A.B. asks: 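I have a structure here, written as structure tokens, and I will follow up with some questions on it.
Everything numeric here is computed off the predicted structure, so don't read it as measured data. Every chain is numbered from 1 and lettered A, B, ... according to where its sequence line falls, protein lines coming before strand lines.
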Amino acid sequence: LSILKIGEKDRDGRQKRIEHSGRYLRASRTGGISLRAQTRVAGVNLTANSSHGLRVSTRLAKNTQVAMQNGRFVLRGRYGTDAARFNLSKSGVTVSSKTPVGSFNWIKPGRSSFKMGGVQVRGHKAAYLQAVYLVLAAGVGAVLFAVRLLTQALQLTARGVQHLAARRQQAALDRDRPGLTVADVASVGEGILAARGIDLANESHRDLFAALVFCVVCLGRGRSQFDAAEAGMPADNSAADQALIEDVQTCGRQVVQWLIDTPEEESLAATLGLMHALAAAFAQKVEGPVCAETLLSLDDACLAGGPRTLLQEAMIDMLADTLAVDLVLAGEQ
Amino acid sequence: MSAADAGGFRGLVGIHQALIRDPDTGITGTALRPDANTAPAHWTPSYALMPYQSVDVTALGLGGSSSFNDLDEARLDTAIRHVVAIEGPVHEQVLGYRLIDAAGVGRLGSRIHARIMARVDALEVAGEIEQRGSFIARAEQFLQPRLRDWRVLPDRLRQLDHVDGSELMLCLFHAVYEAGDIDVDTAMNNALHRIGFIRLTDNGRERLQDPLQALIAQGRVQRHGQQLQLGPSAFRR
């Protein structure tokens with residue numbers, strides 16, 4: 001135990017009142033030194049105090065006590081919560097509220113208390129100090145509230161500006177995007193395959209997948225060869241990475257051959273048409289969740305090589321239709 | 001989604017691996033992979049574990065003769081081709097058992113064995129089958145063996161000595177593939193356990209040495225001290 005409770009905290013974490021209170025001896029700044037002894041006889045508490053005389057007390061009900069002290073009748077009760085505590089006495093009922101520095105009695109301010117640094121003050125002086133505290137706390141609260149309000153206003157403004165900028169950027173992207181739909185390109189892709197007598201239904205899902213990756217990751221960036229480093233794959237390729245690289249390179253070479261005779265003005269439709277045909281054949285061979293996972297993974301792979309190109313944006317949009325994946329953008333319901 | 005929180009190629013690699021492990025059957029197209037239908041030029045792994053498929057000896061057409069040596073060569077050749085097609089790579093002892101069972105002969109004697117091996121030699125000269133040590137198979141069966149569960153066979157046939165080295169390579173490859181990073185002894189144990197041999201004996205360790213070296217030489221598996229991982233050419237087709 002520390003001397004005079006210095007350094008000890010009460011249940012609210014504040015310094016306890018600085019005093020000494022032992023089993024028989026109590027010494028405090030205002031109460032001075034007093035000796036005290038207490039015993040219980042037939043359910044009644046008997047207390048002898050060198051400063052306050054003899055006291056006989058008992059519990060009347062929960063939180064209610066009656067006592068006789070030096071021939072004077074005492075009635076005490078205390079009910080309710082910290083925010084509004086009702087105090088019962090012979091003279092009536094008062095209401096007090098707990099504050100971080102003590103308690104304030106709303107009916108009889110003279111019964112307030114104030115404690116700071118272990119020094120406890122009671123009476124009107126405490127009420128004044130409580131009032132000063134309340135004014136200061138209100139001031140600080142008002143300033144904090146104003147700062148919070150200002151921060152939120154700034155955040156809202158910034159978000160609005162970002163939203164406007166994003167909408168303008170999206171509008172610009174939409175203007176520049178190849179305005180081709182599945183209906184526009186499907187026949188072009190089928191025509192290329194038919195001219196070569198190719199039926200993609202006869203190809204393995206592994207090869208269709210690799211060719212699809214080639215279309216989106218490579219052709220989507222205007223490249224005709226798959227280079228793992230350029231595409232954004234890590235330098236320390238694992239065996240699984242290497243397998244994908246080899247498949248994409250092998251199947252990619254065939255896709256490039258199919259496109260080689262395409263006239264320049266049709267190259268965009270031809271690329272998208274082939275990609276659509278590959279994706280449609282792939283979707284016939286795998287389950288729906290694999291299609292969805294493929295679309296999301298293709299999107300991730302596009303970003304590994306830098307920001308998506310307009311063609312890659314168009315490809316991802318088109319693949320969502322071909323693979324029958326219902327994309328819901330974040331924030332949409 | 002920003003580049004920072006994107007998974008890069010991780011997702012694609014994962015899907016690709018799943019497709020490799022679950023190959024679709026009956027593929028005839030060569031548009032995306034011109035060499036898809038040609039026989040593999042080197043040992044290539046397969047991925048599906050299947051029960052050991054035994055030949056139906058009653059379908060071999062060797063019954064009705066009073067003696068095995070009375071069987072004409074054409075019937076014997078057809079039966080050998082059929083057994084090899086179903087069970088290759090097949091050990092010459094297992095081939096012998098299949099043929100005598102089909103012919104209703106009780107014991108695989110040295111004269112019968114010699115006659116069978118003479119026909120095997122003739123078929124090999126004709127380019128129909130290959131012999132590697134005691135094992136007989138079509139060339140592509142040595143290069144792309146099936147991962148077979150030998151538990152279904154009777155004890156007489158379920159011998160580790162009856163499993164060809166190419167098949168041991170495959171079960172060892174799968175043990176490393178499944179684990180990612182595994183010590184040699186555990187890999188050997190898992191490999192044999194996978195195909196139905198529950199005890200890793202000294203003989204088993206010895207038999208797996210050559211398949212392991214072959215896998216390492218091909219870059220399918222790499223070894224760092226006592227640890228094995230998949231090599232850069234693990235999935236090469």
Side-chain angles (χ1 to χ4, degrees), chain A residues 193 196-214 216-217 228 231-234 237-248 250-255 257-258 278 281-282 285-286 290 293-308 330, chain B residues 1-38 44-48 173-174 176-182 215-216 218-223 228-237:
Chain A
L193 295 171
R196 293 174 176 268
I198 295 169
D199 182 359
L200 291 179
N202 294 331
E203 304 298 316
S204 72
H205 55 29
R206 177 177 172 178
D207 290 333
L208 289 168
F209 176 78
L212 188 57
V213 172
F214 178 80
V216 178
V217 174
M233 288 186 84
N237 289 322
S238 66
D241 291 343
Q242 196 57 41
L244 179 64
I245 293 168
E246 285 178 13
D247 278 4
V248 173
T250 303
C251 298
R253 279 194 288 275
Q254 305 311 311
V255 173
Q257 285 300 313
W258 301 346
L278 287 163
F282 178 67
K285 290 171 179 272
V286 297
V290 179
E293 193 60 36
T294 299
L295 179 64
L296 296 174
S297 300
L298 281 169
D299 191 35
D300 283 351
C302 287
L303 291 167
R308 277 188 295 261
Chain B
M1 190 185 294
S2 72
D5 58 4
F9 277 77
R10 212 167 42 226
L12 291 181
V13 170
I15 297 167
H16 189 241
Q17 283 293 301
L19 296 176
I20 288 174
R21 293 179 70 116
D22 183 24
D24 39 4
T25 52
I27 296 304
T28 56
T30 55
L32 286 169
R33 182 173 294 274
D35 62 355
N37 288 338
T38 56
T44 309
S46 57
Y47 295 92
F173 173 83
H174 273 270
V176 180
Y177 183 28
E178 288 298 328
D181 185 13
I182 188 169
L215 283 172
I216 293 169
Q218 286 191 19
R220 303 273 181 188
V221 167
Q222 52 193 7
R223 182 174 185 162
L228 300 176
Q229 293 111 27
L230 288 181
S233 302
F235 303 101
R236 188 159 53 96
R237 291 203 274 186

A.B. asks: Counting only heavy atoms closer than 4.5 Å, note whether Ala210(A) contacts chain B via side chain, backbone, both or neither.
C.D. replies: neither
A.B. asks: Would you mind telling me which of Val286(A), Thr250(A), Val217(A), Asn202(A) has the largest number of heavy-atom pairs within less than 4.5 Å of chain B?
C.D. replies: Asn202(A)
A.B. asks: To check you understand the geometry: which heavy-atom pair defines the closest contact between Leu278(A) and Leu32(B), and what is its length?
C.D. replies: CD2-CD1, 4.2 Å
A.B. asks: What residue in Gly232(A), Gly252(A), Ser297(A) has the most heavy-atom pairs under 4.5 Å with chain B?
C.D. replies: Ser297(A)
A.B. asks: Which atoms of Leu298(A) come close to chain B, meaning under 4.5 Å heavy atom to heavy atom: side chain ones, backbone ones, both, or neither?
C.D. replies: both
A.B. asks: So, taking the atom named CZ in Phe235(B) and the one named CD1 in Ile245(A), what distance separates them when rounded to the nearest 0.5 Å?
C.D. replies: 12.5 Å
A.B. asks: When only pairs under 4.5 Å are counted, which of Asp22(B), Leu230(B), Ile20(B), Thr25(B) shares the most heavy-atom pairs with chain A?
C.D. replies: Ile20(B)
A.B. asks: Can you tell which of Gln242(A), Glu246(A), Met233(A) has the highest number of heavy-atom pairs within less than 4.5 Å of chain B?
C.D. replies: Met233(A)
A.B. asks: Chain B heavy atoms under 4.5 Å from Leu244(A): which part of the residue, side chain, backbone, both or neither?
C.D. replies: both
A.B. asks: What pair of heavy atoms forms the shortest contact from Ala304(A) to Gly8(B), and how long is it?
C.D. replies: CB-CA, 3.9 Å
A.B. asks: Who wins among Ala243(A), Pro307(A), Gly305(A), Ala231(A) for the most heavy-atom pairs under 4.5 Å with chain B?
C.D. replies: Ala243(A)
A.B. asks: Please classify the contact between Phe214(A) and chain B as side chain, backbone, both or neither, with a heavy-atom cut-off of under 4.5 Å.
C.D. replies: neither
A.B. asks: From Arg206(A) CZ over to Arg21(B) CZ, what is the distance, rounded to the nearest 0.5 angstrom?
C.D. replies: 13.0 Å
A.B. asks: Are Ile27(B) and Lys285(A) close enough, and set up right, to give a side-chain contact (heavy atoms from CB on, under 4.5 Å), and what steps lead you there?
C.D. replies: CA-CA 12 Å; Ile27(B) 296 304; Lys285(A) 290 171 179 272; 3.7 Å; yes
A.B. asks: Once rounded to the nearest 0.5 Å, what's the spacing between atom NE2 of His205(A) and atom CG of Leu19(B)?
C.D. replies: 5.0 Å
A.B. asks: Could you check whether Asp241(A) pairs with Arg10(B) (Lys NZ or Arg NE/NH1/NH2 to Asp/Glu carboxylate O, under 4.0 Å)?
C.D. replies: no
A.B. asks: Against chain B, label Leu208(A) side chain, backbone, both or neither, depending on which of its atoms sit under 4.5 Å from a heavy atom there.
C.D. replies: both
A.B. asks: Which atoms of Thr30(B) are under 4.5 Å from chain A, going by heavy atoms: the side chain, the backbone, both sets, or neither?
C.D. replies: backbone
A.B. asks: Between Arg33(B) and Cys251(A), which heavy-atom pair has the shortest distance, and what is it?
C.D. replies: NH2-SG, 4.4 Å
A.B. asks: Heavy-atom cut-off 4.5 Å, strictly under: side chain, backbone, both or neither for Asp199(A) against chain B?
C.D. replies: neither
A.B. asks: Hey, are the side chains of Val248(A) and His16(B) touching, using non-hydrogen atoms and a 4.5 Å cut-off?
C.D. replies: no
A.B. asks: Restricting to non-hydrogen atoms, name the atom on Glu203(A) and the atom on Asp24(B) that form the minimum distance, rounded to 0.1 Å.
C.D. replies: O-OD2, 4.2 Å
